[in-house]
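Remarks on the structure that follows.
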Amino acid sequence: MSGDLLKLTAADLAERLAAGEVSSVEATQAHLDRIAAVDGDVHAFLLVDTEGALAQAAEIDRRRASGAALHRLAGVPIAVKDVVATKGLPTTAGSRLLEGWVPPYDATLVTRLRGAGLPILGKTNMDEFAMGSSTEHSAFGPSHNPWDLERTPGGSGGGSAAAVAAFEAPLAIGTDTGGSIRQPGAVTGTVGVKPTYGGVSRYGLVALASSLDQAGPVTRTVLDAALLHELIGGCDPLDSTSIDAPMPDLIGSVCNADVRGLRVGVVRELGGEGYQAGVRARFDESVGLLSDAGAEVVEVSCPHFDYALAAYYLILPSEASSNLARFDAMRYGLRILPETGPDGGVPSAEDVMRATRATGFGDEAKRRIILGTYALSSGYYDAYYGSAQKVRTLIAGDFEQAFAQADVLVSPTAPTTAFRLGEKLDDPLAMYLNDVATIPANLAGVPGLSLPSGLADEDGLPAGFQILAPATADDRLYRVGGALETMLVDRWGGLLLDHAPVLAAAREVSA
Amino acid sequence: MPETPETTGPSISRADVAHLAGLARIDLTEAELDHLAPQLSVIVESVARVREVADEDVPPTSHPLPVTNVFRDDVVRPGLSADEALAAAPSVEQQRFSVPQILGEEA
């Protein structure tokens, strides 16, 4: 029975909850049991809130029994990336600097989750301050890919993706600054959506790069993503960059998915050299399916995408070095008191700051803060940060031209399948290349969705298919994603995740 | 800081990294400087590509979507209580954040 509950999509679980066939307490307990059984191996969670989740579940069961009108997802448990502030629940952003910090407020998206009655199972692991593509930069140890525990689940939101892929949660929240929702989705065989910039409130997110950060859904199906996206999306007066316009109909776009007559643009610059053969093969098949279903496939060129990675690794560190200056050991977070100052006297506030940041930040955070400080320093500003901002304009122009020829753009989500833990840990440039196909969307603010396209022949690991749409046209992601998912699931005879190996700890429990 | 990168080509020395870490208020150990400086050099050389296409007539973009400033009515709305705001402070004194000395001892 509890095994059945775990395999349900969020939409199906919601239906059973509404029909009274199962209670939220039962569903939440089943997922907490699953976490207890497998998370020792997967390490998707930094914190599990057993008591809080069950209390929220009991409350929603009570409200349902009293006949109250409830949100469609009421009672469906969810995992939240640890970069999102949760009142009363520690929020670390994967950093020693925030270890044990308990936010005094909820992020807007958490307020919406609580308002709709989704029990929060816990907080998921991530690269420190969302800097990374593997979760190996987490101060609390990496997460493991449920498809192969020796491999990474991607990053930075590897914890959320692994939790959903390992059936520890039907839904999760991620954040995507350069691909941190979509790339983990690709390498774990799950669905991840980065909404249009400003589509989901950033209020209460620990900021990495404010002009790039965007929160979004992490799920096993496109419909589940639409359900969660509609819940967390929409204007928020607490975020001045929030889009003040109604969201398009996302759920309806999945339910009536039809690509006949739709122009699908294959981006020439995203998919050639450096892309694994099996990833390319699955991508080409998916494009073929869309074509068979009546879409018009065209090739488009976005010549400046070749410069996106370079521009991103100037803009992101610049914004991050500024945002992370707030961690100064004064009002919250870690404070390290050196015994003396450099001159042997009483340590000053600045000495405390230096010592705290030296201890609190990991290698990657230090690399990026120093790189950003460099890019913003006088004499270098125009050459680096200024040039990167110009490239950003050129990339937005490429998108504009491409969207004149196509309704959506498509590419592989990540150039490879999941790589081995440790393989790229101390080679920053190799690590950065994982996001080469996802970064352009963040620079231009356009929405992107990744869904599984199948298993690569050479290693039997999941590959991802990325769909990009013009800003505020998030519904197109769901229209195309829904149609493609239906065709793929038809071919596979179920979700791709049904082919994932059974986790050893779970085998022992059920034996 | 050294001369403009246009004439010297991108590179970042161990001394530069130590200087930048000082600006960023991060104490780096000798071992960290040995480790980070060559990595940062490689990264800087790679990202310097942006200058190949950044012509003078291209306007910069700082924000992905056009936004204007957002104002709200000047009315009091609920915020954190003093206790809530101070709850996570490393040190508190007289309902204030207590911090190490900001000026030198002689000041």
Side-chain angles (χ1 to χ4, degrees), chain A residues 101-102 104-105 197-198 211 237 240-241 243 304 307 310-311 313-314 321 328-333 335 337 345-355 357-358 361 363 366-367 369-371 373-374 377-380 383-384 386-394 396 428-429 443-445 471, chain B residues 1-6 10 12 16-17 20-29 32 35-36 39-40 42-44 46-56 58-65 67 69-70 72 80-81 83-91 97 99-105:
Chain A
W101 179 57
V102 181
Y105 69 106
Y197 181 83
S211 79
S240 61
T241 58
I243 297 170
H304 299 99
Y307 295 88
Y313 277 100
L314 287 164
S321 69
D328 58 4
M330 299 300 139
R331 292 154 301 156
Y332 61 109
R335 177 183 287 184
L337 280 169
V346 178
S348 67
E350 193 178 314
D351 298 331
V352 171
M353 226 179 272
R354 290 169 184 281
R357 289 162 66 84
F361 288 132
D363 266 7
K366 288 174 181 171
R367 270 193 288 268
I369 290 170
I370 291 169
L371 186 61
T373 307
Y374 177 71
S377 45
S378 72
Y380 290 92
Y384 290 113
S387 297
Q389 286 189 310
K390 291 179 175 181
V391 170
R392 200 169 180 177
T393 306
L394 296 170
L429 277 184
L443 289 171
Chain B
M1 298 295 292
E3 317 96 276
T4 58
E6 276 80 7
I12 182 164
D16 290 337
V17 174
L20 292 162
L23 293 176
R25 305 290 185 268
I26 300 173
D27 279 339
L28 290 183
T29 63
E32 280 181 310
H35 189 67
L36 292 179
Q39 288 182 339
L40 285 164
V42 172
I43 297 170
V44 167
S46 170
V47 297
R49 297 189 65 215
V50 291
R51 288 182 291 159
E52 292 171 17
V53 287
D55 294 333
E56 267 178 30
V58 179
T61 297
S62 63
H63 195 274
L65 300 175
V67 284
N69 201 6
V70 177
R72 68 173 175 90
L80 298 179
S81 69
D83 284 346
E84 285 172 326
L86 291 167
S91 178
F97 295 103
V99 303
Q101 62 170 0
I102 293 165
L103 303 170
E105 272 180 291

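Quick note on labels: first sequence line is chain A, next is B, and so on, each numbered from 1. Note that the coordinates shown come from a computational prediction; the quantities given were computed from them, not determined experimentally.
Between chain A and the residues B:A85, B:S91, B:S62, B:S81, the most heavy-atom pairs under 4.5 angstrom are made by B:S62. Each of A:S240, A:A358, A:S387, A:A329 has some count of heavy-atom pairs under 4.5 Å with chain B, and the biggest count is that of A:S387. Contact count versus chain B (heavy atoms, under 4.5 Å) is highest, among A:G333, A:G198, A:S348, A:P237, for A:S348. Counting heavy-atom pairs closer than 4.5 Å to chain B, the top-ranked of the candidates A:A349, A:G445, A:A355 is A:A349. When each of B:L28, B:V53, B:L80 is scored by its heavy-atom pairs under 4.5 Å with chain A, the top score falls to B:V53. Among the candidates B:P59, B:S46, B:A21, the residue making the largest number of heavy-atom pairs closer than 4.5 Å to chain A is B:P59. The residue among A:V352, A:L337, A:T393 with the most heavy atom pairs within less than 4.5 Å of chain B is A:T393. Of the listed residues B:V42, B:V17, B:V58, the one with more heavy-atom pairs under 4.5 angstrom with chain A than any other is B:V58. Contacts with chain A were tallied for B:T61, B:V99, B:L65; B:T61 has the most, counting heavy-atom pairs under 4.5 Å.
Heavy atoms of B:D55 lying under 4.5 Å from chain A belong exclusively to its backbone. Contacts between B:I26 and chain A at a heavy-atom distance below 4.5 Å involve backbone atoms as well as side-chain atoms. Proximity to chain B (any heavy atom under 4.5 Å) is restricted, for A:P428, to the side chain, taken from C-beta onward. Of the two parts of A:L443, only the backbone, made up of N, CA, C and O, holds a non-hydrogen atom closer than 4.5 Å to a non-hydrogen atom of chain B. Residue A:A444 touches chain B through its backbone alone, counting heavy-atom pairs closer than 4.5 Å. For a residue to count as touching a neighbouring chain, one of its non-hydrogen atoms must lie under 4.5 Å from one of that chain's; by this rule B:A24 touches chain A with backbone and side chain alike. Interface residue B:Q39: only side-chain heavy atoms are found under 4.5 Å from chain A. Looking at A:S321, there are no atoms closer than 4.5 Å to chain B (heavy atoms on both sides), in backbone or side chain. Interface residue A:I370: backbone and side-chain heavy atoms are both found under 4.5 Å from chain B.
In this structure, the separation between NE2 on A:H304 and CG on A:L394 is 4.5 Å, given to the nearest 0.5 Å. Note that CZ of B:R25 is 9.0 Å distant from CZ of A:R357, once rounded to the nearest 0.5 Å. The line from OH of A:Y313 to CD1 of B:I43 is 9.0 Å long, rounded to the nearest 0.5 Å. Summarising the geometry, atom CG belonging to A:L371 is positioned 7.0 Å from atom CD1 belonging to B:I12; distances are rounded to the nearest 0.5 Å. One distance of note links OG of A:S211 with CZ of A:R392; it measures 3.5 Å at 0.5 Å rounding.
For B:R49, there are no salt bridge (charged side-chain N to carboxylate O under 4.0 Å, His left out) partners at least two apart in sequence or on another chain. A search for side-chain hydrogen bond (donor to acceptor under 3.5 Å, both in side chains) contacts involving A:D328 returns nothing, not counting sequence neighbours.
The nearest pair of heavy atoms linking B:Q101 to A:V346 is NE2-O, 3.3 Å.
Judged by the 6.0 Å and 45° rule, B:R51 forms no cation-pi pair with A:Y307.
Looking only at side-chain heavy atoms (C-beta outward), B:P90 and A:M330 stay at 4.5 Å or farther from each other. Taking 4.5 Å as the limit, some side-chain heavy atom of A:R367 sits within range of a side-chain heavy atom of B:L36.
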